[in-house]
Amino acid sequence: GGAIMTNEEHNTALYQKMFAEQEKFRDWLKGQPPEEVLNHAYEYTIREDILMSLEYHNLSDAQADALMKFPSPLADVFRDFEKRETDHMDVIWDCLESRADMLLEEQRRALRETPVYPFPASYAQEHGELEQYRASNRANAACKEAIEAAIREHYDGNSLDSQAAELVVEAFGLDRTLYVLANTVQQKDWDGRISSGNKAWAKTIPIHKNPDAWGADRNASFVVNSHPGLTDLFLSTVRQEYCQKQEKSAKSSVREKLQAMPKATSPKHSAKLKRQER
């Protein structure tokens with residue numbers, strides 16, 4: 001008889017047989033119409049994986065020989081695989097969920113980290129800062145909607161739970177939350193349901209007039225439209241929770257940011273700004 005085969009040789013012989021089987025299958029597939037190729041795409045991929053697993057592992061002599069006796073061992077292993085319950089779909093679902101969560105977190109972080117852009121559209125246009133202006137405006141509108149939702153969901157008929165304010169500040173940062181609320185109170189200055197203390201506070205936050213081509217104020221787009229009494233309650237909660245201890249420093253930091261309007265570039269420009277501030 002011939003020389004005794006090593007384990008490596010048993011496995012190599014099986015690998016060669018299965019490799020030839022896959023080559024034949026591939027050649028047959030190439031001659032099929034596209035729809036038929038798609039029908040067999042899964043089978044082709046799994047068969048490639050079966051071959052690859054044999055590259056990395058060794059069967060015992062007896063196992064390799066048992067498979068060798070089959071005319072088409074690759075097709076046979078594939079059929080067996082198809083019957084198995086695997087956690088493949090669970091892994092896919094897990095990937096889907098975690099990818100969505102990651103993107104969501106990135107979007108939330110982008111919202112939180114978008115700086116408040118306190119100048120009007122005309123100023124942004126003149127200084128090539130329309131992108132920052134628009135990003136800030138989108139965040140203002142989202143923040144206004146979040147405040148409305150928080151009031152809707154956290155008011156139980158006689159009080160507003162403190163989590164309402166926490167969720168909004170967590171999502172949008174304190175500066176933007178205060179900016180949106182100050183704008184709201186300034187625009188509803190006539191409303192008796194808003195406390196005089198909150199009205200006085202809102203006046204300390206400089207918000208530039210931002211008229212569009214028809215003279216309508218663009219800042220109206222981020223006015224909180226909840227019940228004014230509840231908006232007032234919400235603002236008081238934010239100020240109590242976040243500003244009382246550092247009311248002065250918080251207010252001045254917001255004020256510094258909002259007052260950091262660069263010097264006008266021309267007399268015409270400063271005259272225009274004065275007009276807008278009136």
Side-chain angles (χ1 to χ4, degrees), residues 1-115 130-132 134-139 141-143 145-146 149-150 153 163 166-168 170-173:
I4 293 167
M5 284 170 75
T6 63
N7 179 255
E8 194 60 46
E9 287 167 334
H10 279 276
N11 277 278
T12 301
L14 176 63
Y15 181 83
Q16 282 168 340
K17 181 171 183 170
M18 284 161 96
F19 188 86
E21 190 185 340
Q22 182 72 338
E23 285 287 286
K24 196 173 162 189
F25 182 61
R26 186 192 286 118
D27 288 343
W28 171 78
L29 259 188
K30 282 178 177 170
Q32 301 305 305
E35 287 79 3
E36 189 61 13
V37 176
L38 281 179
N39 286 340
H40 289 85
Y42 176 74
E43 182 180 354
Y44 178 80
T45 306
I46 298 297
R47 286 168 62 131
E48 284 285 296
D49 285 347
I50 295 167
L51 259 180
M52 195 190 289
S53 73
L54 197 55
E55 280 179 39
Y56 291 104
H57 306 279
N58 279 331
L59 292 164
S60 71
D61 298 359
Q63 287 173 319
D65 292 348
L67 280 166
M68 276 297 279
K69 290 196 173 75
F70 266 91
S72 49
L74 190 54
D76 192 61
V77 175
F78 170 71
R79 274 193 298 275
D80 206 52
F81 175 83
E82 258 195 319
K83 292 183 201 130
R84 291 273 179 103
E85 284 288 325
T86 69
D87 60 358
H88 176 74
M89 292 309 286
D90 294 339
V91 173
I92 284 181
W93 178 244
D94 190 52
C95 279
L96 249 169
E97 278 194 311
S98 57
R99 184 67 192 145
D101 287 342
M102 208 167 107
L103 292 172
L104 199 57
E105 189 39 54
E106 280 171 16
Q107 287 159 8
R108 285 180 180 145
R109 193 169 53 242
L111 262 185
R112 263 197 315 274
E113 292 171 4
T114 300
L130 274 175
E131 209 173 302
Q132 293 93 306
R134 291 179 63 213
S136 181
N137 259 8
R138 282 196 299 273
C143 182
E145 281 169 22
E153 289 155 27
Q163 210 200 350
E166 206 178 302
L167 289 169
V168 176
E170 177 62 30
F172 295 91

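Just so we're clear, the structure is a prediction, and the values are computed from it rather than from any experiment.
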Looking at E8, I want to see if its CD is surrounded by more than 12 non-hydrogen atoms of other residues, nucleotides or ligands under 6.0 Å. no

- prompt: Is there a side-chain contact (heavy atoms from CB on, under 4.5 Å) between L59 and D65 once you walk through the steps?
  reply: CA-CA 9 Å; L59 292 164; D65 292 348; over 6 Å; no

*Around atom CD of E55, are there more than 12 heavy atoms of other residues, nucleotides or ligands at under 6.0 Å?*
yes

Notebook entry, point to check: Any donor-acceptor pair under 3.5 Å linking the side chain of S136 with the backbone of Q132?
Noted result: no

Next on the checklist: Between L167 and E170, does the side-chain contact (heavy atoms from CB on, under 4.5 Å) criterion hold? Intermediate values first, please.
Outcome noted: CA-CA 5 Å; L167 289 169; E170 177 62 30; 5.7 Å; no

Side chains of residues 18-26: which donor-acceptor pairs under 3.5 Å do they make with residues two or more places apart or in other chains?
from : atom 1 : to  : atom 2 : distance (Å)
E21  : OE1    : L74 : N      : 2.9
E21  : OE2    : A75 : N      : 2.9
Q22  : OE1    : R47 : NE     : 2.9
Q22  : NE2    : Y44 : O      : 3.4
Q22  : NE2    : E48 : OE2    : 3.0
E23  : OE2    : R26 : NH1    : 2.2
R26  : NE     : Y44 : OH     : 2.9
R26  : NH2    : Y44 : OH     : 3.1

Requested in this report: Verify, without hydrogens or angle tests, whether K17 (side chain) and L67 (backbone) share a donor-acceptor contact under 3.5 angstrom.
Outcome: no

Quick check: does any side chain N or O of Q63 sit under 3.5 Å from a backbone N or O of S60, one acting as donor and the other as acceptor?
yes

Closest heavy-atom pair, V168 versus A146, reported as atoms and distance to 0.1 Å, is CG2-O, 3.9 Å

Separation between CG (D61) and CG (L14), nearest 0.5 Å, reads 11.5 Å

Value for CG (D101) from CZ (R99), rounded to nearest 0.5 Å, stands at 11.0 Å

query: Would a distance-only check, ignoring hydrogens and angles, find a side-chain to backbone donor-acceptor pair under 3.5 Å from N11 to N7?
result: yes

Distance col, row L104:CG vs S98:OG, nearest 0.5 angstrom, shows 12.5 Å

Using a 6.0 Å cut-off, check whether atom CH2 of W28 has over 12 heavy atoms from anything other than its own residue.
yes

query = Less than 4.0 Å between a side-chain N and a carboxylate O, is that true for E105 and R112?
reply = yes

Here the gap from T45 atom OG1 to I50 atom CD1, rounded to the nearest 0.5 Å, amounts to 11.0 Å

One pair to check against side-chain contact (heavy atoms from CB on, under 4.5 Å): L96 and W93. What are the steps and the verdict? CA-CA 5 Å; L96 249 169; W93 178 244; 3.8 Å; yes

Nearest heavy-atom contact between F78 and I46 is CD1-CG2, 3.7 Å

Inset, instruction - Verify side-chain contact (heavy atoms from CB on, under 4.5 Å) between D76 and R79, making sure each step is shown before the conclusion. - result: CA-CA 5 Å; D76 192 61; R79 274 193 298 275; 3.8 Å; yes

dist N137:CG -> T114:OG1 (nearest 0.5 Å) comes out at 11.5 Å

